[in-house]
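Proteins come first, then strands; the chains are lettered A, B, ... in the order of their sequence lines, and each starts at number 1. Values in this document were obtained by computation on a predicted structure and should not be read as measured data.
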Amino acid sequence: MTDEKKLTPRAQDFSAWYNEVVVRAELADYAPVRGCMVVRPYGTALWENCQQSLDRRFKETGHQNALFPLLIPMSFLQKEAQHVEGFAPELAVVTHGGGKELEEPLVVRPTSETVIGYMYAKWIRSYRDLPILINQWGNVVRWEMRTRLFLRTLEFYWQEGHTAHATYEEAQEETIRMLNIYADFATNDAAIPVVTGRKSDAEKFAGADASYSIEAMMGNKWALQAGTSHNLGQNFAKAFNIQYLDRNNELQYCWTTSWGLSTRIIGGIIMVHGDDQGLKFPPKLAPYQVVIIPIWRTEDQKSTVLEAAERLRRELAERFRVILDAREEVTPGWKFNEWELRGVPLRLEIGPRDVEQGTAVLARRDIPGKAGKSVVPVAGLSHAVGELLDLIQANLLAAATAFRDANIHEPKDYQELKEVVADGWAKAYWCGDPACEAKIKDETKATSRNIPLDQGDAGPGSCIVCGRPAKEWAYWARAY
RNA sequence: CGGGGCGUAGCGCAGCCCGGUAGCGCGCUUGGUUUGGGACCAAGAAGUCGUCAGUUCAAGUCUGACCGCCCCGACCA
C-alpha cells in the first residue's frame, strides 16, 4: 500500500486488496494464534444477517436448531473410514484436561457428523421418529496449512445441517432441497450468482456418497465453493448404528445428509462485489443499508442540520438499518470515503442547502461519483430509499452475473482449456476418469468445480482430455 | 513442509552495509481555525528496537540460535 489512503488496486494485486479491505473495513482482524481471526462487530453484523436469511429458510423447510458439543472422542472419527482419512491431517486434538492426561484424546470438532450420528442412534427407534431435521450454528476447527481471513482459517463459524431419513430418495431430496436453498440465498440475498452441481469423487466430502456445491466466480475469476450439501448414504448410519424399525417391523439403517455454509460466504461477498474503493454490500445483508452524513459550516447550521438529520434517521430506521455519522473529528469527505470502503449501499448527505429546500442527496455505492447521486425531496424519502435499495440489490446481481457469464468459456480442445482456465472458467466434457481430472489439475491448477445437475440441452460429448465418450460436462477453474 | 518477505511508538516505514544510546509519515491528546469528495496551524503523549545468548568500553546496528507473522506453492469449507 504505497498511498496510505488508497487500497492496493485489485488489478495490481487481488490478494493484497482483499487483505487490506478486510482489515481496514474492520470486518475481521488477525488473532494472536496463527491462522485464527477475530470477527469484529461489523463483520459479525454481516454474518448475523446471513444467519437470519438462512435460518428463516431452514425453519420454513421444517428444520430445528440444536447445539452439540465442541469436543468429540477421537474414536468417533475413526468409525467411518473415509471420514477419518479425510480429516485426520487437520485435527486439533485435546490430550490433557484438568491437569491430567486424558485416557482417550478428544478432537475439537472439524464437523459434527460423528457426534450427531451417535446421538441420532440414541434418539431414533421407529420410522415414526423420521425424518429428523436438525441444524447447528457453531464453530469448527480444521488445522489448515495456509490460511486467509474468512476464506480459510483454523477456526471458522458456520451452520451444519444434519438429517436422517427412512429412504434414499428422501435423503437425496433433502440434499438437493438444501443445495437449492443455498443457491437461493446466494443469488437473492448475497447477490452472488452461483452454479449448482455434483462434486467429483476427488472433491467430495470425506464420508459422503455424493456431494453437491454452489460455486461462485470471484473478481479475479477464481471459483469459490460457497456451500455444500452431502448425501451421506448409509455410511454414518452404519458406523454409528442409526437404525429404525420400519412398518414391517424390520430393522433398517437410516439415510443421512449434511449440509454446511460458513463465514467463507463473507469472503465471497467481498470478492464478488468489491471494487478499488472497497466493499460493496448487497442491501439485503448490509449491516447498515443507509449512512446519513450531515454537513455544516457554522454553529447555527450545525444545529439545524443535525436536527434534520436525526429526524431522517428516525424516519428511515422504521424500515431500514441506518446509521447517522455525526462525528465532528472527521470531515464529510473523509466519511464518504470511509463508508464507501465499508460497503454501505446508500449514502444520504444532508447540508444547509438541503434543509432550506427540504431535500437530501442520495448517493449509490454501486454507481461511483456524481452519476450515482440524486437530489430527492425529504417528503416520501423512505419510499425513495426503499426503491433505490432494491435497484442496488438487483444491479449488483446483474453486474456479477454479467461478469461471470463473460468469463465462462467452452474450449474446443485441451489446449484451449489450458488457456481458458488461466483467466476464467471452462465448461468442458469429462469422461469421469480421475486420471483425466488429475491431469488438468496438475497442468493448469484448475480443478473440477462441479458437474451441473442441469446439463442444458447438451447431449453426450467427448472428454476434453482423453477424447473418450463423456456423458456429462463440468465447470473447471482455479479455486480458493 | 518447500520458496520469498518481514518483525523498530497504535498503523506504515527509515535507521543496520560503516556499532556511539532512536527518527519520519499517519493516527492519538489539547487548543484554535475548518467541514457539499480523504482540511490546516500550534503544542503534547507515546518505543523492554520479536526473544535469548555471544562479541565489544559500547549493540536497533555485528554473530548464533530460537519464536512469530504475512505472501507464493503442495492440502482444504
Under 3.5 Å, which protein N or O atoms sit close to an N or O of nucleotides 26-32 of chain B? Give each pair with its distance.
none

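- Residue order along RNA chain B, read from the 5' end via each residue's closest nucleotide, puts A:A363 first among A:F150 and A:A363.
- In this structure, A:L362 atom CG and B:G37 atom P are separated by 16 Å, rounded to whole Å.
- Within the cation-pi definition used here (under 6.0 Å to the ring centroid, within 45° of the axis), A:R347 qualifies as a partner of A:F336.
- For the atom pair A:D209 CG and A:N235 CG, the distance stands at 4.5 Å (nearest 0.5 Å).
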Identify all pairs in which a protein N or O lies below 3.5 Å from an N or O of nucleotides 4-7 of chain B, and state each distance.
none

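- A parallel orientation is assigned to the rings of A:F205 and A:H230, their planes being inclined by less than 30° (bins at 30° and 60°).
- The distance between atom CD of A:E144 and atom C1' of B:C1, rounded to the nearest whole Å, is 15 Å.
- Rounded to whole Å, atom C1' of B:G37 lies 14 Å from atom CG of A:D325.
- Side-chain atoms of A:S211 never come within 3.5 Å of backbone atoms of A:K199 as a donor-acceptor pair (strictly under, hydrogens ignored).
- Annotation: of the two residues near RNA chain B, A:Y480 and A:E340, the 5′-most nearest-nucleotide partner is A:E340.
- Listed candidates were B:G36, B:C71, B:G37. Nearest to the side chain of A:P332 is B:G36.
- Nucleotide B:A58: unpaired (no Watson-Crick or G-U wobble partner with both distances less than 3.5 Å).
- More than 12 heavy atoms of other residues, nucleotides or ligands lie within 6.0 Å of CZ in A:F58, so this atom counts as buried by the packing criterion.
- The side chain of A:F336 has B:G37 as its nearest neighbour among B:G38, B:G37, B:U35.
- Evaluation of atom-type donor-acceptor distances gives no pair under 3.5 Å for the side chain of A:E338 against the base of B:G38.
- Straight-line distance from the NZ atom of A:K445 to the C1' atom of B:G73: 7 Å, rounded to whole Å.
- Among the heavy atoms of the strands lying under 4.0 Å from A:T153 is at least one base atom, whether or not backbone atoms are also near.
- The base-pairing partner of B:C75, taking Watson-Crick or G-U wobble contacts with both distances under 3.5 Å, does not exist among the strands shown.
- In this structure, B:U63 forms a base pair with B:A53, meeting either the Watson-Crick or the G-U wobble geometry with both donor-acceptor distances under 3.5 Å.
- Judged purely by atom type and a 3.5 angstrom limit, A:Y120 uses its side chain to pair as donor or acceptor with the backbone of A:H162.
- The A:Q277 side chain lies nearest to B:G37 when the options are B:G37, B:C71, B:G36.
- Taking a pair to require two hydrogen-bonding distances under 3.5 Å in either a Watson-Crick or a G-U wobble arrangement, B:C11 pairs with B:G25.
- In this structure, the side-chain contact (heavy atoms from CB on, under 4.5 Å) partners of A:V361, at least two apart in sequence or on a different chain, are A:E349, A:D354, A:K373, A:V375.
- B:C16: no Watson-Crick or G-U partner with both key distances under 3.5 Å is found in any strand.
- Note on A:I293: nothing from the nucleic acid sits closer than 4.0 angstrom, heavy atoms only.
- When Watson-Crick and G-U wobble pairs are counted only if both distances are under 3.5 Å, B:G38 pairs with no nucleotide at all.
- The side chain of A:K373 lies closest to B:G37 when the candidates are B:U35, B:A74, B:G37.
- Nucleotide B:C11 holds its P atom 14 Å from the OH atom of A:Y30, rounded to whole Å.
- In this structure a side-chain-to-backbone donor-acceptor pair under 3.5 Å is present from A:Q301 to A:T298.
- Looking at A:S200 and A:E437, their side chains do bring a donor and an acceptor atom within 3.5 Å of each other.
- Remark: the A:R177 side chain and the A:T175 side chain contain no N/O donor-acceptor pair separated by less than 3.5 Å.
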All N/O donor-acceptor pairs, side-chain side in residues 181-189 of chain A, below 3.5 Å, sequence neighbours left out:
unit_1	atom_1	unit_2	atom_2	d
A:Y182	OH	A:Q159	OE1	2.5
A:Y182	OH	A:W259	O	3.4
A:Y182	OH	A:G260	N	3.0
A:D184	OD1	A:N188	ND2	2.5
A:D184	OD2	A:R57	NE	2.8
A:D184	OD2	A:R57	NH2	3.0
A:T187	OG1	A:A183	O	2.7
A:N188	ND2	A:D184	O	3.4
A:D189	OD2	A:S53	OG	3.2
A:D189	OD2	A:R57	NH1	2.8
A:D189	OD2	A:R57	NH2	3.2

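- Here B:C75 presents its C1' atom at 13 Å from CG of A:D442, a figure rounded to the nearest Å.
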Short heteroatom pairs, N/O only, protein and nucleotides 41-47 of chain B, under 3.5 Å:
none

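- The distance between atom CE of A:M145 and atom P of B:C69, rounded to the nearest whole Å, is 15 Å.
- A:S15 comes within contact range of the sugar-phosphate backbone alone, with a heavy-atom separation under 4.0 Å but no base atom that close.
- Side chain of A:W222 to main chain of A:A477: no donor-acceptor pair is present (N/O by atom type, distance under 3.5 Å, no hydrogens or angles).
- At whole-Å resolution of the value, CZ in A:F87 and C1' in B:C75 are 13 Å apart.
- Contacts of A:K441 with the nucleic acid, taken as non-hydrogen atoms under 4.0 Å apart, involve only primed sugar atoms and P, OP1 or OP2.
- Across all strands shown, nothing is found opposite B:G47 as a Watson-Crick or G-U wobble partner with both distances under 3.5 Å.
- Remark: B:C6 base-pairs with B:G68; criterion is Watson-Crick or G-U wobble with both hydrogen-bond distances under 3.5 Å.
- A:R478 comes within 4.0 angstrom of the backbone, heavy atoms only, and of no base.
- Within residues 347-361 of chain A, the residues having any heavy atom under 4.0 Å from RNA chain B are, by residue number, A:R347, A:E349, A:G351, A:P352, A:R353, A:D354, A:V361.
- In this structure, the separation between CZ on A:F76 and CG on A:L106 is 10.0 Å, given to the nearest 0.5 Å.
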Checking side-chain contact (heavy atoms from CB on, under 4.5 Å) for the pair A:L179/A:I214: CA distance, chi angles, key distance, verdict?
CA-CA 7 Å; A:L179 180 72; A:I214 58 171; 4.0 Å; yes
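- Within the 4.5 Å cutoff, the side chain of A:F236 has no heavy atoms near those of the A:I116 side chain.
- The main-chain N or O of A:S258 is never found under 3.5 Å from a side-chain atom of A:E113 such that the two would form a donor-acceptor pair.
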